[in-house]
Amino acid sequence: MARGPARVRGTQDMIGEQAARFHHVVDTFDRVRRLYGFGRVEVPVIEHTEVFARSLGETTDVVSKEMYSFADRGGDGVTLRPEFTAGIARAYLSEGWQQHGVLKLATSGPLFRYERPQKGRYRQFHQLDAEVIGAAEPAADVELLAMADQLLRELGVADDVTLKLNTLGDAATRDAWRAALVAYFEEHRDSLSHESRERLTRNPLRILDSKEPQDRPIVAGAPAIDDYLGDEARAFFEAVTHGLDVAGVRWEREPMLVRGLDYYRHTAFEFVTDRLGAQGTVLGGGRYDGLIEALGGPPTPAVGWAAGIERLAMMVDAPAVEWVRVALVPLGAQAEAAATGIAAGLRRAGLSCDLAYKGNMKKRMARADASGAAVAVILGDDELARGEAAVKTLATGEQRSVALDQLAEALRAR
RNA sequence: GCGAUCGUAGCUCAGCUGGUUAGAGCGCUGGUUUGUGGUACCAGAGGUCGCGGGUUCAAGCCCCGUCGGUCGCCCCA
């Protein structure tokens, strides 16, 4: 069995196909984000605990139980980031990024939540993230959703994923709807599941996506957000949905889709799938016009989303293996010394090249084959003395001599 | 925090109702070929059966505990 120290629960070591899938997702995101003019931003993995505590506020469970928080050697309370948005909002304020006007930002990297691992859920997990800060216009929501849609298309998972869209309205709408929901559920308290009765005091909006069958009929009769939407909020949502239609982004209305936190306004959305067990959300986000203010800044409109890299990586087709083009097989001490220089030359010429270090010739040839190289360059004392190398096309077994000074050119042509 | 399920070689797994020296495939090393791979054949290395206790003449197999993995609940910023 395994020896040595174990991996920390909920972390992952990735190699081979798994690592390739992961980076395929990140690379695709990086390409798509440029198409939409989103600049890359880098923010710390660690923040003062206050940054997340203030942004999360109401849901005590999240803050107390699920953050990786600790005191550093100086006694400061710090937390490994459980999400991107709060840290980016903090940077926006502390670094004076208002000077840049409307910011379209993209980032990706590790996040940490102290949770019980299960399918598509880890303690160190990774997300892609996109934010538009400083734009109150529905066009920002549309652009962000169009980018998400294109990303999922280019990853080849769009057919397995549905965009669920809702509006939470403005602050007044949200408060009124919430009050109506609480009153309604309070009325039906006795028929609710045990879990939902708990939620009623802690986080009543969550009752709307309860998994308990007995809650379904009650949820179905709950007050709908649409009855509480003001004219402005309604117009905003219509602008978003119309924009999506024009951009050719398919969406479905999901009136029960909510966000637990108070700073979310207007658009809320999730791209969901049924391919990932209990973790159906592959990409989610919304408008968080209240967040920067909650962190002590000026009222600043913002909207964004994040997507789970692991979840996407599980869904994409296996990316093509990255074969190396040339396998260099030196034989003997002299040839090995010369091969180092030849390999460097081939690589500078832009040819990917694997240099065999160990084993007898048979072993080295076997490795050359396993590397997927198109050609093996065999370099022994005879060849070296003549200033040549044997170039073998591995697929056909055909072999010929090539002068060393013409090697790069000859290999490129093949 | 709760529940279910699993834990045998580096990996994937087999091991019959408890019964001698615990097996296979892949991978690894060496050989058939002292300078020729992908196919084939031969040989070899590699295992505290997660860990601890118990029952038994006898435990990989049964019981208890514990640790770990997986899946789900809670939670989901």
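So that the names make sense, note that chain A is the first sequence line, chain B the second, and so on, each numbered from 1. In what follows, every heavy atom counts, from backbone to side chain, and hydrogens, waters and symmetry copies are set aside.
- Here the nucleotide nearest the side chain of A:E66, chosen from B:G35, B:C75, B:U36, is B:C75.
- Side-chain atoms of A:R121 and base atoms of B:C75 include a donor and an acceptor less than 3.5 Å apart.
- Close to B:G72, at under 4.0 Å from its OP1 or OP2, lies a side-chain N or O of A:Q118.
- With hydrogens and angles left out, the side chain of A:D369 and the base of B:G38 share no donor-acceptor pair within 3.5 Å.
- Looking at the side chain of A:R202, the nearest of the listed nucleotides B:C74, B:G35, B:C76 is B:C74.
- The distance from atom CZ of A:R367 to atom C1' of B:G35 is 19 Å, rounded to the nearest whole Å.
- Side chain of A:R174 to backbone of A:Y263: no donor-acceptor contact under 3.5 angstrom is found.
- Here B:C76 presents its C1' atom at 16 Å from CZ of A:F52, a figure rounded to the nearest Å.
- Distance from the side chain of A:M365 is smallest to B:G37 among B:C76, B:C73, B:G37.
- Considering only the side chain of A:R9, B:G69 comes nearest among B:G37, B:G69, B:C75.
- Distance OH (A:Y264) to C1' (B:C76): 11 Å, rounded to an integer number of Å.
- In the set B:C74, B:G35, B:U70, the nucleotide with an atom closest to the side chain of A:D382 is B:G35.
- A:D209 places its CG atom 9 Å from the P atom of B:C76, with the value rounded to the nearest Å.
- A:E115 comes within 4.0 angstrom of a nucleotide base, judged by non-hydrogen atoms across all strands.
- Comparing B:G35, B:G72, B:U32 by their nearest atom to the side chain of A:K362 picks out B:U32.
- In this structure, CD of A:Q399 is placed 10 Å from P of B:U36, rounded to the nearest angstrom.
- A:H194 places its NE2 atom 13 Å from the C1' atom of B:G1, with the value rounded to the nearest Å.
- Atom CG of A:L244 is separated from atom CG of A:D149 by 8.5 Å, given to the nearest 0.5 angstrom.
- As a whole-Å value, the separation of A:W323 CH2 from B:G37 C1' is 13 Å.
- Minimum atom distance to the side chain of A:K211 is reached by B:C76, of the listed B:C2, B:C76, B:C71.
- In the interface, the side chain of A:K363 is not paired with the base of B:U36 through any donor and acceptor atom under 3.5 Å apart.
- Residue side chain A:K392 reaches the base of B:U36 through a donor-acceptor N/O pair under 3.5 Å, judged by distance alone.
- Within the 4.0 angstrom heavy-atom criterion, no nucleotide atom of any strand lies near A:E212.
- A close approach under 4.0 Å does not occur between any side-chain nitrogen or oxygen of A:N360 and OP1 or OP2 of B:U29.
- OP1 or OP2 of B:G35 has not a single side-chain nitrogen or oxygen of A:R364 nearer than 4.0 Å.
- Ionic pairing of A:E270 and A:R259 is present here: one or more N-O contacts between side-chain nitrogen and carboxylate oxygen are shorter than 4.0 angstrom.
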